[in-house]
Amino acid sequence: MGVENEERYNETRVMEFILLGFPGSWYLQMFVFMFFLLMYILTLLGNLSIIVLVIANRRLHTPMYFFLCNLSFLEIWYTTASIPKTLAIFLGKSRSISFTGCILQMYFVFAFGCTEYFLLSVMAYDRYLAICYPLHYSTIMDIHLSSKLAGSSWLSGFLIIFIPAFLIMRLTFCGPNVINHFYCNIDSWIVLSCSDTHDIEMAAFVISVIVILGSCVITLLSYMYIISTILRIPSAKGQQKAFSTCSSHLAVVIIWYGSTIFLFVKPSKRTSLEMTKIVNILNTIVTPLLNPFIYTLRNKEVKEALRNSLHLG
């Protein structure tokens, strides 16, 4: 009995984890800290500006900008789920995180991430309807359908991550408790567990295929029809105008899907964590920052609304 009790204690003794972040000299830590802090502030300001601008201008009260507001709101919380804790790590403070805190951080990061996949595919479908069926667009994509699509994206993203979160809570951790990452990642849990991780690895792989590749297929099909329709427009000016409405979205999609397919669509999670940390910077810091700028730089309606707002101010 004594041996069994000791083994049970050893299996459950890890109650907190240490986030390693990016090891290196103090100067390197400060450089990375300033980089993350600047990117985080710009991400918050950029996405908040989009939300305020769309809400304040009635001309932007369309399904396209409604989805863009959802994406901007999502990006704010997606980065906030991981970056503040990361900044504390770089300052050498609070590297530890409780088991419950780590589970919650992982859940929200991945729930927001899954929601983004669904939102991007919904936005691609919206552009498909606008360009391929312009005469029927306003009757098909009304406020009710756009609200249902956005709501379904949020609900699906948060529900599907319950599966890996539940399976992770059933794992045992005997030590070590150092997570070689700047936030709690599914891969890190699998590497540290001393119990069988086959179920969680398979669940993560299946969810990745369904969510990432499934939404990617919808997005690609939408753009195939969009490009086909654009090429049939007789005037070059008409082609340019049509393509400018979706080219920014396509740029975001390429960056987001490229990095996440590399990270998550693989049968085994026991790969180079150093490489995954670097690629993770793309979708936790870079993409949320680029979204508001990419969507607005080539958008005449947003530029005009911004000029009017500044003039009124």
Side-chain angles (χ1 to χ4, degrees), residues 40 43-44 46-55 60-84 103-130 140-168 183-186 203-204 206-219 222 248-249 252-253 255-257 259-261 263-264 280 283-285 287-292 294-295:
Y40 180 56
T43 297
L44 294 183
N47 285 287
L48 276 173
S49 299
I50 293 296
I51 295 171
V52 172
L53 192 64
V54 172
I55 292 174
L60 301 182
H61 292 183
T62 63
M64 174 181 172
Y65 295 107
F66 171 72
F67 293 132
L68 182 55
C69 270
N70 272 268
L71 184 63
S72 292
F73 182 74
L74 170 70
E75 299 292 25
I76 290 171
W77 289 107
Y78 178 61
T79 55
T80 302
S82 59
I83 300 307
I103 282 282
L104 287 173
Q105 187 188 56
M106 183 279 299
Y107 173 77
F108 282 110
V109 168
F110 281 83
F112 287 128
C114 286
T115 303
E116 180 152 352
Y117 295 117
F118 296 131
L119 269 178
L120 288 175
S121 59
V122 164
M123 293 172 76
Y125 175 67
D126 173 68
R127 290 301 85 205
Y128 158 73
L129 290 178
I140 298 173
M141 187 60 73
D142 56 10
I143 186 63
H144 299 292
L145 180 58
S146 56
S147 298
K148 287 178 182 178
L149 289 173
S152 298
S153 298
W154 283 92
L155 184 63
S156 300
F158 275 77
L159 285 179
I160 201 166
I161 296 300
F162 267 119
I163 299 170
F166 173 74
L167 291 174
I168 286 173
Y183 72 92
C184 293
N185 188 286
I186 291 178
V206 171
I207 289 172
S208 298
V209 170
I210 293 173
V211 175
I212 302 176
L213 296 186
S215 61
C216 186
V217 167
I218 294 172
T219 303
S222 297
S248 55
H249 179 229
V252 172
V253 164
I255 296 171
W256 176 255
Y257 280 103
S259 60
T260 52
I261 287 174
L263 286 172
F264 303 117
N280 255 295
N283 51 359
T284 55
I285 290 287
T287 305
L289 171 64
L290 289 179
N291 276 348
I294 288 177
Y295 275 104

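Throughout, residue positions are numbered sequentially from 1 according to the sequence presented.
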Where [X] and [Y] come nearest, the two heavy atoms and their spacing:
X    : Y    : value
C114 : G157 : CB-CA, 3.8 Å
A165 : Y107 : CB-CD1, 4.2 Å
I50  : C69  : O-SG, 4.4 Å
F66  : A150 : CE2-CB, 3.7 Å
T287 : E116 : CG2-OE2, 4.3 Å
Y78  : P288 : CD2-CG, 4.0 Å

Quick one, [X] and [Y] - any side-chain contact, counting heavy atoms below 4.5 Å?
X    : Y    : result
I207 : I210 : no
L155 : S152 : no
V211 : F118 : yes
N185 : F110 : yes

Please report the interatomic distance [atom1]([X]) to [atom2]([Y]), rounded to the nearest 0.5 Å.
X    : Y    : atom1 : atom2 : value
N70  : S153 : CG    : OG    : 8.0 Å
L213 : T219 : CG    : OG1   : 11.0 Å
L68  : L74  : CG    : CG    : 11.5 Å
E75  : T43  : CD    : OG1   : 8.0 Å
L119 : D126 : CG    : CG    : 11.5 Å
W77  : S82  : CH2   : OG    : 13.0 Å

L44 and I76: CA distance, side-chain angles, deciding distance, side-chain contact (heavy atoms from CB on, under 4.5 Å) verdict: CA-CA 6 Å; L44 294 183; I76 290 171; 3.7 Å; yes
Check the angle between the aromatic planes of F73 and W154 and answer parallel, tilted or perpendicular using the 30° and 60° thresholds. tilted
Tell me whether the rings of F158 and F108 are parallel (<30°), tilted (30 to 60°) or perpendicular (>60°). perpendicular
Could you check whether T80 and Y40, counting side-chain N and O atoms only, form a donor-acceptor pair closer than 3.5 Å? yes
Step by step, work out the side-chain contact (heavy atoms from CB on, under 4.5 Å) result for L149 and S146. CA-CA 5 Å; L149 289 173; S146 56; 5.7 Å; no
